[in-house]
Structures are given as C-alpha cells and as structure tokens.
Amino acid sequence: MKTLRDASNALKRLYEAAERDYFSFGCFRDAVFSKNGTEKEKFFMYPNTALTDDEYNGLLSDGKLLLDGYPLQYYLGTEEFCGIEFEVSENVLIPRTETQIISRYAIENLPKNGRFADLCCGSGCISLSVLYHRRDTFAYAVDISKYALKLTEKNAEHLKVSERADIKQCDILNSSETEELISEIGYGYLDCVLSNPPYIKSSQMEKLPDNVKREPALALDGGECGVDFYGSIADISREVLKPGGFLYVECGWGDEDLVTDIVKARNFSAEIKEKQFILFTKR
Ligand code: GLN
C-alpha cells in the first residue's frame, strides 16, 4: 500500500533527476499535493495516509508535467500580482513580478477620478490591479485575443471592478481597428496609458526556457527587433491622452533606447525609470 510519504519520496527522486530550478522542492510538492486535494499540513501531520494506485500515479504524473516545464501558475490556475490573486490560463502571459512597477506607478500617480487604458492587457493584471487599489478610477482594457479578454472579464468580476472596466477587443497593429478604438475612447480623454506588450525578438522565441515556451507566442513575440508594438501604442496614446498625460511601458532588456526613440518621435518626452521601464509624457 502506498502512502503520502511514499508519493513525496517518489516526487523528490523525480525532482532531483530533473535538475530544474523553476521552483524549490517544497513549493513543487505543495503544489502537486494541494492540486490533488491534499493540503501541505495534512502531509506533514498524516504522512502515512493511504493512497490508491490511481491517486499515487496521479501525483507522479502531475509532478512529471511540471518538471517537463509546464508552468506552475497554469497548473494552479492563479498568480499573485499587486497583492491580488489573478486567474491565469494558457491563453495569457503569466503576470511577472517586475510588471507591478507599472501598476504601482499608476496607483500612485493617477489623478483623482483618473481614466486610463491598458493596451495588450492579457489577464488584465495591470489595469485591474489599478482599479482595485484606486476605487475612483476607470479603465479601458484592450487585447487582440478574445480568450484573454474573457479572462480579464472574469478577473474583473471576481475583483468587483467590472463596472469601472471597459474591456475591448482590438488588434493594435491594424490601423482601421486602431482608429475605431481611438474614436471609442475619445480624443484627449485619458490621464494615462499603460502597456506591457509582446517584446521578445522573433529570433529569440525558439531559445526561450521550456516554461516560457508554454506561454502564448501571441503574448510574447514582438517581431524582428522586439519593438513592433511601440509605434502603435504611441500613436494611440498621442490621440487619447490629455496634454501632460503619461504613457508607461515595459520593454525588452536593452531595448530602452530604441523604444525611447520610437515614442519620442511621436511628440513625447521620455524618462527611463528602471531597466525595461520607460515613462513618457505627452508634450
Ligand atoms: N517578461 C516576459 C519574459 O521575460 C516577456 C513579456 C513580454 O513579452 N511582454 O518572458
């Protein structure tokens, strides 16, 4: 008869053989156990709990899936961002810790009753975290993927911010869709635009770590130089922002100067706040 302890030992052997450093063994085991209905406390208090063969094999095959590079966040279905739990799925980029820089800046700097847009919103983590922490604000959350927008909608409902979120589908690289978006939002109407667009260079897509390769190419591939989206983001921002309004973007490592040039050419002043994070102000 197999027990929880046997399963833990078998997972440990798998973990060590895989030589993965995505997560610690404790985090790995807790995830596999809790997803299969055994909270970590139960394992520590009752390690001799009996498992059926199916239960035991299920734990091990989940362990293999994760060690094979399947992202922990997709496996658990959630990721924390700005102190909030977001639902995530294979249709969206997993929110990254560093991207919180954008939300935090907007939370601190949006004027009272501020209105803003989040272009390429994915799970909605940027816009919804701002709406959640700033109850006086209103957001447009925009993405090309209807699956991403469904998830944004679900997250907005869960966080009870739906009434202040206008969730819109738009391919921002398509000029007629972009024009429509601008006229729907309105000219000179927003206080800020936020964006973490796809910015991985196409040639790098094949070289990404196994876990990142499981994320949608649509959310990662920023074209040949990784900067395909910034011109359009700046074009939209120039129209929808009030004078003095700001645009805060994330970009690829080392792409700061190129992105600065692209956006500045659209009549913005620029300030590199951190590596990969640039704040632009509409002149
Ligand atoms: N930061 C992500 C990564 O490192 C990429 C996100 C993006 O393309 N916007 O994989």
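Both ligands and their constituent atoms are indexed starting at 1 by order of listing. In this text, all values refer to a predicted model and were calculated from it rather than measured experimentally.
- A cation-pi arrangement is present between Lys2 and Tyr56 under the rule of less than 6.0 angstrom and at most 45 degrees off the ring axis.
- Annotation: atom 3 (C) of ligand 1 to nearest protein heavy atom, Arg96 NH2, 3.4 Å.
- Taking a cut-off of under 4.0 Å to the non-hydrogen atoms of Leu93, the atoms of ligand 1 that pass are 6 (C).
- The pair Asp191-Lys242 counts as a salt bridge, with a side-chain nitrogen and a carboxylate oxygen less than 4.0 angstrom apart.
- The shortest separation from a heavy atom of Ala219 to ligand 1 is under 4.0 Å, placing the residue in contact.
- Between Asp210 and Arg20, at least one side-chain nitrogen of the basic residue sits less than 4.0 Å from a carboxylate oxygen of the acidic one, meeting the salt-bridge criterion.
- Remark: Arg134 fails to qualify as a cation-pi partner of Tyr132 under the 6.0 Å distance and 45° angle criteria applied to the six-membered ring.
- In the vicinity of Val212, heavy-atom distances shorter than 4.0 Å reach the ligand 1 atoms 10 (O).
- A salt bridge does not link Glu224 with Lys201: none of the charged nitrogens is closer than 4.0 Å to a carboxylate oxygen.
- Counting only heavy atoms of the protein, atom 1 (N) of ligand 1 lies nearest to Tyr199 OH, 2.8 Å.
- Per-residue contacts place Pro197 under 4.0 angstrom from the following atoms of ligand 1 (heavy atoms of the residue considered): 7 (C), 8 (O), 9 (N).
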